[in-house]
Asker: 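Handing you this structure, nothing more for now.
Heavy-atom basis, side chains included; hydrogens, waters and symmetry copies ignored. Remember, predicted model here, so these are calculated numbers, not experimental data.
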Amino acid sequence: MTEWYFIWIDGPRGPEPQKWSSDGLWGQLGRQDIIVRFPLTEREALSIDQLARLHPVPQ
């Protein structure tokens, strides 16, 4: 079963929100630009904008 994660990465213009599946996450775990990763539940199948409001980037 595929799990989904809401990710904040350190982008060229500051923190950028992304949504990754567990299938694509395995090769990305060693990346240095990941700020924080939030596992998503079924009820959190929301847009990136909605997820960014629910899970703000840490200060």
Asker: Does Tyr5 share a hydrophobic cluster with Val36, counting links as ILVMFWY side-chain heavy atoms below 4.5 Å and allowing steps through other members?
Answerer: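 Different hydrophobic clusters.
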Asker: Report the distance from atom CD of Gln18 to atom CZ of Phe6, rounding to the nearest 0.5 Å.
Answerer: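 The CD atom of Gln18 sits 9.5 Å away from the CZ atom of Phe6.
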Asker: What's the separation between atom NE2 in His55 and atom CD in Gln50, rounded to the nearest 0.5 Å?
Answerer: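 It is 11.0 Å, given to the nearest 0.5 Å.
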Asker: Which pair of non-hydrogen atoms, one from Ile9 and one from Trp20, has the smallest distance, and what is that distance?
Answerer: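 Shortest heavy-atom contact: CG2-CZ2, 4.3 Å.
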Asker: Using only atom types and a distance under 3.5 Å, with no angle test, would you say the side chain of Lys19 pairs donor to acceptor with the backbone of Leu46?
Answerer: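 Yes.
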Asker: Which atoms form the tightest heavy-atom contact between Thr2 and Ser21, and what is the distance?
Answerer: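 For Thr2 and Ser21, the tightest heavy-atom pair comes out as CG2-CB, 3.6 Å.
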Asker: Can you find a pair of side-chain heavy atoms, one from Leu51 and one from Pro17, that are under 4.5 Å apart?
Answerer: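 Not touching, per the 4.5 Å side-chain cut-off.
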Asker: Taking all non-hydrogen atoms of both residues into account, name the closest pair between Trp8 and Pro56 and its distance.
Answerer: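 It is NE1-C, 3.7 Å.
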Asker: Determine whether Ile48 and Ile7 fall in the same hydrophobic cluster, where Ile, Leu, Val, Met, Phe, Trp and Tyr are linked whenever their side-chain heavy atoms lie under 4.5 Å apart.
Answerer: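 Unlinked, Ile48 and Ile7 end up in two clusters.
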Asker: How long is the straight-line distance from CD1 of Ile34 back to CG of Asp10, given to the nearest 0.5 Å?
Answerer: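 Reported to 0.5 Å precision, the distance equals 11.0 Å.
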